[in-house]
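Here is the structure we will look at, set down as structure tokens.
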Amino acid sequence: MRPGVLVTIVGMAAATYLTRAPLLLALSDRPLRPRLRLWLRLIPLAVLPALAIPMVLLLPNGSPALTPANPRLWGAIAVLALTAARANLLLSVAAGVLVVAVLRHFGF
């Protein structure tokens with residue numbers, strides 16, 4: 001591994017820790033209001049689609065990718081269907097990844 005990569009990883013880890021630890025330490029011994037706890041629990045569920053939707057719906061050049069030949073679209077549909085059926089989110093995402101891998105393996 002190049003030294004620059006290691007420095008970047010360590011630097012990003014330190015930046016992440018230093019921006020999150022003070023708040024976590026300040027709130028660790030205080031009870032949170034139920035509304036705030038709910039809001040904090042829902043953040044990951046909001047971030048995942050915000051990251052995934054552009055990758056599913058757009059090609060790398062920025063043009064729309066809403067065609068039946070788009071394996072990422074079928075993977076997203078599988079995730080949505082399983083999640084709507086109340087499946088575990090991790091298993092739903094794993095199934096979506098599997099759908100994309102199988103479709104790419106067969107040339108889609």
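The analysis underlying the following values was restricted to heavy atoms, covering all of them including side chains, and did not include hydrogens, waters or symmetry mates.
- Under the 4.5 Å side-chain contact rule for hydrophobic residues, Ile53 and Val56 share a cluster.
- Listed by chain and residue number, Leu82, Ser92 satisfy the side chain to side chain contact (heavy atoms under 4.5 Å, CB included) test with Ala87 (two or more places apart in sequence, or in another chain).
- The side chain to side chain contact (heavy atoms under 4.5 Å, CB included) search around Leu51 returns Val47, not counting sequence neighbours.
- Side-chain contact between Leu48 and Leu45 is absent, with no heavy-atom pair separated by less than 4.5 Å.
- Interatomic distance, Leu66 CG to Leu58 CG, rounded to the nearest 0.5 Å: 8.0 Å.
- Under the side chain to side chain contact (heavy atoms under 4.5 Å, CB included) criterion, Leu103 pairs with Pro71, Trp74, Val99, Phe108, sequence neighbours left out.
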May I have the list of side-chain donor-acceptor pairs in residues 7-33 shorter than 3.5 Å, sequence neighbours left out?
| residue | atom | partner | partner atom | Å |
| --- | --- | --- | --- | --- |
| Thr8 | OG1 | Gly4 | O | 2.8 |
| Thr16 | OG1 | Met12 | O | 2.8 |
| Thr19 | OG1 | Ala15 | O | 2.9 |
| Thr19 | OG1 | Thr16 | O | 3.0 |
| Ser28 | OG | Leu25 | O | 3.0 |

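- Partners of Ser63 according to the side chain to side chain donor-acceptor pair (under 3.5 Å) rule, which considers only residues two or more places apart in sequence or in another chain, are Asn61.
- In this structure the side chain of Leu57 reaches within 4.5 angstrom of the side chain of Leu73, judged on heavy atoms.
- For Arg104, the CZ atom counts as loosely surrounded, since its 6.0 Å shell holds 12 or fewer non-hydrogen atoms of other residues, nucleotides or ligands.
- Ala65 is linked by a side chain to side chain contact (heavy atoms under 4.5 Å, CB included) to Leu59, Asn70, Arg72, counting only residues two or more places apart in sequence or in another chain.
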